[in-house]
Amino acid sequence: MSVPTDNRRRVLYLQSNSEIGGSDVCLLRMVEALDRSRFDPLVVLPSDGPLTGALRERGASLFILREMMKLTTRKGKLYYLRYLYNYPKAVGKILRIIRGERIDVVHSNTLHNLHGFLAARLARRPHVWHVREIVLQSRFFRRLELALARRYADRVVAMSGAIAEAFRDGGAPPPRQLRIIPDGIDTERFHPRNSGDRIRSELGIEAGAPVVGLVCRLDHWKGVEVFLRAAAVVRSRLPEARYLVVGGPVEGQEKFAARMIGLAGALGLDGFVHFTGWRYGPGDMPEVHAALDVLVLASTWPEPFGLVLLEAMATGRPVVATRHGGPVEICAEGETALLVPPRDADAMADTIVALLRDPHRARSMGAAGRARVLQLFDHRRYGRELQLLYEEVLMSPGT
């Protein structure tokens with residue numbers, strides 16, 4: 001127990017996995033954005049993982065709570081039974097943390113964490129529910145989670161307008177406590193001055209070879225298959241190009257990841273595409289983006305936001321993204337990015353080839369992308385908005 005000895009407000013973040021996916025990196029960015037003279041971050045995770053070390057490096061106090069399982073539709077009925085069995089245990093332990101650590105605000109960092117709202121209510125603490133998903137897998141769970149967020153959050157934060165639209169499901173008006181706060185990034189860490197030489201050297205990519213990257217966890221909706229099929233088409237036109245798939249499988253998707261590696265071989269991409277797994281963490285991402293000539297976001301379902309787009313744009317790299325969800329808001333089409341239809345590998349390939357064959361256009365788009373990030377998505381703006389939101393709920397809890 002770390003009893004506070006100053007007047008800082010203590011924020012308890014609840015995160016239902018310990019990977020380095022989108023919501024995990026967003027949690028890391030929230031912790032980085034806090035003014036430590038005013039706020040003290042504490043984080044509850046279900047296990048050790050790539051995220052834990054990064055959070056400790058940033059001075060967050062960590063609690064590992066294995067009973068805090070993530071609600072998911074992927075693992076079958078037995079998982080649901082385990083989830084229900086562990087749910088009251090997890091809520092009870094979170095409640096003890098809230099009371100023992102004198103927590104001021106509880107912040108659930110994903111719609112799929114259903115423990116925070118009840119623990120905060122029992123402790124009579126304000127609850128912020130951060131919605132980072134567009135839930136398409138299950139209509140039942142989408143309605144359940146959105147209804148709980150409406151009812152039991154003092155503030156609901158959507159990271160994009162595309163996410164906020166989910167609250168209009170069935171024609172319902174958005175909740176009065178809804179706020180749209182786009183995530184931000186550190187534009188000094190992600191900068192055109194960065195070098196990608198170390199990444200290229202470690203992966204054995206020769207100097208001067210154009211590199212196209214997909215940065216995502218290996219989940220079925222991230223469009224890995226579309227990217228690989230596009231890469232095979234690009235290879236037939238630009239045999240000197242190389243490809244990176246940066247990110248590993250999520251729990252339960254290991255077979256899918258193995259299938260994608262097999263598909264790359266079947267498409268004749270052995271030696272041309274590098275699957276890095278979780279080799280590169282958040283601290284490596286500035287160099288990863290610097291190693292690329294083009295960043296691709298290939299999601300087949302609407303991407304809730306698209307943090308990797310901001311990272312690439314801030315690094316001065318042009319991006320190719322699917323035309324739905326968050327990328328439509330983040331990107332200025334034709335100016336900072338080229339958008340393609342989802343699941344269209346040929347259109348993706350044509351767009352990648354066009355950028356690689358026109359370095360002047362690629363540089364212009366990269367420069368415009370950085371300017372857009374500086375204007376709209378800087379982490380200092382994000383930190384200010386987040387802290388103002390905490391002050392709102394602390395001044396008027398329950399409103």
Side-chain angles (χ1 to χ4, degrees), residues 8-9 11 13 15 22-41 43 54-55 58-60 105 107-110 126 128-132 153-165 174 177-194 282-283 285-286 289 295 297 303-317 319 321 325-332 335-337 365-395:
R8 291 183 298 166
R9 296 293 197 166
V11 184
Y13 296 98
Q15 176 71 2
S23 69
D24 311 284
V25 173
C26 288
L27 171 62
L28 204 58
R29 299 281 160 75
M30 281 197 296
V31 169
E32 289 176 336
L34 286 182
D35 180 350
R36 297 304 177 83
S37 69
R38 297 164 58 202
F39 295 94
D40 184 19
V43 181
L55 284 168
R58 286 152 180 83
V105 179
H107 189 140
S108 299
N109 188 48
T110 166
V128 174
W129 209 327
H130 217 127
V131 184
R132 300 187 179 279
D154 295 283
R155 294 293 183 274
V156 176
V157 180
M159 65 191 301
S160 69
I163 292 171
E165 277 300 308
Q177 70 270 38
L178 177 66
R179 305 287 187 274
I180 299 175
I181 304 180
D183 278 42
I185 64 167
D186 186 340
T187 54
E188 287 305 307
R189 286 187 64 228
F190 292 92
H191 196 283
R193 291 192 303 265
N194 292 338
M285 285 301 110
H289 285 287
L295 183 280
L297 187 148
E303 186 73 41
F305 187 64
L307 195 65
V308 293
L309 297 178
L310 299 186
E311 294 173 348
M313 289 161 63
T315 310
R317 298 300 184 261
V319 302
V328 178
E329 300 173 45
I330 289 173
C331 303
E335 180 182 344
T336 70
M365 290 181 68
R370 178 164 175 82
R372 185 170 174 84
V373 173
L374 288 169
Q375 179 184 6
L376 300 176
F377 302 106
D378 184 79
H379 73 297
R380 286 162 291 196
R381 185 267 324 152
Y382 177 60
R384 287 192 299 269
E385 292 194 32
L386 185 65
Q387 287 159 181
L388 283 172
L389 182 131
Y390 291 152
E391 290 171 355
E392 280 184 21
V393 298
L394 287 165
M395 290 175 64

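Using the six-membered ring where Trp is involved, F39 and Y390 have ring planes that are tilted, between 30° and 60° apart.
The CD atom of Q387 sits 11.5 Å away from the CG atom of L394 when rounded to the nearest 0.5 Å. Atom CD of E303 and atom CG of L297 lie 5.0 Å apart (nearest 0.5 Å). With rounding to the nearest 0.5 angstrom, the CE atom of M285 is 12.5 Å from the CD1 atom of I185. Put simply, CD1 on I180 and CE on M159 are 12.0 Å apart, with the number rounded to the nearest 0.5 Å. Distance check: L55 CG to L27 CG gives 5.5 Å after rounding to the nearest 0.5 Å. The structure places CG of L386 at 12.0 Å from CZ of R384, a figure rounded to the nearest 0.5 Å.
In this structure, the side chains of H289 and L295 come closer than 4.5 Å at one or more pairs of heavy atoms. C331 is listed as a side-chain neighbour of L309, based on a closest heavy-atom distance under 4.5 Å. With a 4.5 Å cut-off on side-chain heavy atoms, R9 and V105 do not count as touching. Between L307 and L310, the closest side-chain pair of non-hydrogen atoms falls below 4.5 Å. Counting heavy atoms from C-beta on, the side chains of Q375 and R381 never come closer than 4.5 Å. Considering only heavy atoms from C-beta on, R36 comes within 4.5 Å of P41 through its side chain.
Each of H379, R132, R29 was evaluated against D183; a single residue qualifies, R132, per the side-chain hydrogen bond (donor to acceptor under 3.5 Å, both in side chains) test.
Considering all non-hydrogen atoms of both residues, P286 and P282 come closest at CD-O, 3.8 Å. Residues M313 and T336 approach most closely at CE-OG1, 4.0 Å, considering heavy atoms. Across all their heavy atoms, P192 and A314 have their closest contact at CD-O, 3.4 Å. Across A164 and A158, no two heavy atoms sit closer than the pair N-CB, 4.0 Å.
With a 6.0 Å radius and a threshold of 12 heavy atoms from other residues, nucleotides or ligands, R380 has its CZ atom at or below the threshold.
N109 and S23 are not linked by any side-chain donor-acceptor pair at a separation below 3.5 angstrom, with hydrogens and angles left out of the test. A side-chain donor-acceptor contact under 3.5 Å links Q15 and D24. A donor-acceptor contact closer than 3.5 angstrom is absent between the side chains of Y13 and H130.
Between the side chain of R370 and the backbone N or O of T187, at least one donor-acceptor pair lies under 3.5 Å. When atom types are taken as modelled, the side chain of Q177 and the backbone of A153 share a donor-acceptor pair closer than 3.5 angstrom. Checked by atom type and distance alone, the side chain of S160 pairs as donor or acceptor with a backbone atom of P304 at under 3.5 Å. A donor-acceptor pair under 3.5 Å is formed between the side chain of R58 and the backbone N or O of A54. Between the side chain of E311 and the main chain of F190, no donor-acceptor pair closer than 3.5 Å is present.
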Verdict with supporting geometry, V43 and H107, side chain to side chain contact (heavy atoms under 4.5 Å, CB included): CA-CA 9 Å; V43 181; H107 189 140; over 6 Å; no
Give the C-alpha distance, both sets of side-chain angles, the deciding distance and a yes or no for side chain to side chain contact (heavy atoms under 4.5 Å, CB included) between V128 and D154. CA-CA 6 Å; V128 174; D154 295 283; 5.9 Å; no
Step-by-step side chain to side chain contact (heavy atoms under 4.5 Å, CB included) determination, M30 to Y382: CA-CA 8 Å; M30 281 197 296; Y382 177 60; 2.9 Å; yes
Derivation and outcome, salt bridge (Lys or Arg N to Asp or Glu O under 4.0 Å), residues E392 and R179: CA-CA 12 Å; E392 280 184 21; R179 305 287 187 274; 3.6 Å; yes
Please test R189 against T315 for side chain to side chain contact (heavy atoms under 4.5 Å, CB included), starting from the C-alpha separation and ending with a verdict. CA-CA 9 Å; R189 286 187 64 228; T315 310; over 6 Å; no
